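Below: the structure, in structure tokens.
The structure displayed is predicted, hence computed values, not measured ones. Quick note on labels: first sequence line is chain A, next is B, and so on, each numbered from 1. The analysis underlying the following values was restricted to heavy atoms, covering all of them including side chains, and did not include hydrogens, waters or symmetry mates.
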Amino acid sequence: MLLNKVLAHGARAGRIVEVEAYAGALDPASHAYRGRTARNATMFGPPGHLYVYFTYGMHFCANVVCGPDGAASAVLLRGLTPLAGLEEMRAARGPAARRDRDLCSGPGKLCQALGIDRAFDGADLVIGDGGVVLGDDGTPPPRAAGVSGRIGLSVAADVPWRFYVPGAVGLSRSR
DNA sequence: CTTTGGATCGTCT
DNA sequence: GACGATCCAAAGG
């Protein structure tokens, strides 16, 4: 359960409030569906590492590899509540992020805000090599997490594998 | 508030 | 050669 864990890069940190699950080779919507390639190699590795990919010619998205070595299961980080390093986040995001709640309210946004790019692909989030760490500040997972279909997919979007903290700051807009 | 279209390029077919 | 686990600005209500 990643909800309410904390992702930090240097002085910048945010609480994970929205995620989506991808079930490796069994999931038509997963990058791992058509087997291992140079791009998705990290997903096929051990859990606890960061899988970062580039899409739409301009955005990065970050996943946490969660299945055992070889399973290629991963969880996409879709939304964070900004906790620290807000000034740095604003500088990285630019004028488009008018309110604090806009800083990390989307998969591409949170990567831009935290300064995560392809160079961080494969980083170990537990020991924090590369400067990106996944931590726990004692906040328990939500008593009742919200659930919905996944967003932005052309296949298997109806599978209810999007989980979020109801009412939290930093959720991407739901449909 | 909602809807719509453009930007932009690495990766796989 | 096509398309994507997206975002944003602009335009209309």
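- In this structure, Asn63(A) places its CG atom 11 Å from P of dT6(C), rounding to the nearest Å.
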Annotated protein contacts, base or backbone, on nucleotides 1-13 of chain B with a non-hydrogen cut-off under 4.0 Å, one of B, S, - each: --B---BBBSSSS

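- Atom-to-atom, CZ of Phe60(A) to C1' of dC7(C) comes out at 14 Å; the value is rounded to the nearest Å.
- For the pair Arg150(A) and Tyr22(A), the distance from NZ or CZ to the six-membered ring centre is under 6.0 Å and the angle to the ring normal is within 45 degrees.
- Separation of the Tyr53(A) and His31(A) ring centroids falls under the 6.0 Å cut-off.
- Across the interface with DNA chain C, nearest-nucleotide mapping of Ser30(A) and Lys109(A) shows Ser30(A) to be the residue nearer the 5′ end.
- Across the protein-nucleic acid pair, Leu103(A) atom CG and dC8(C) atom P stand 10 Å apart, rounded to whole Å.
- What separates CG of Leu50(A) from P of dA5(C) is a distance of 17 Å, to the nearest Å.
- Counting any heavy atom pair closer than 4.0 Å across all strands shown, Arg98(A) reaches no nucleic acid atom.
- In a base pair of the Watson-Crick type (N1 to N3 plus N6-O4 or O6-N4) or a G-U wobble (N1-O2 and O6-N3), with each distance short of 3.5 Å, dA2(C) is matched with dT11(B).
- At a threshold of 4.0 angstrom between heavy atoms, the contacts of Ala29(A) include nucleobase atoms, whether or not backbone atoms are also involved.
- Leu80(A) and Val133(A) fall into different hydrophobic clusters, defined by Ile, Leu, Val, Met, Phe, Trp and Tyr side-chain heavy atoms under 4.5 Å apart, directly or through other members.
- Between Asp137(A) and Lys5(A) there is no salt bridge, since none of the side-chain N atoms of the basic residue sits less than 4.0 Å from a carboxylate O of the acidic one.
- Pairing for dA9(C) goes to dT4(B), judged as Watson-Crick or G-U wobble with the two contacts each under 3.5 Å.
- Grouping the Ile, Leu, Val, Met, Phe, Trp and Tyr side chains by contacts below 4.5 angstrom, directly or via other members, places Phe163(A) apart from Val6(A).
- If you take CZ of Arg150(A) and C1' of dA5(C), they are 8 Å apart, rounded to a whole angstrom.
- Between Phe120(A) and His9(A), the ring planes lie perpendicular to each other; the angle is over 60°, past the 30° to 60° tilted range.
- Between Asp100(A) and Arg90(A) a salt bridge is recorded (basic side-chain N to carboxylate O distance below 4.0 Å).
- Counting non-hydrogen atoms under 4.0 angstrom, Arg78(A) reaches the backbone sugars and phosphates but no base.
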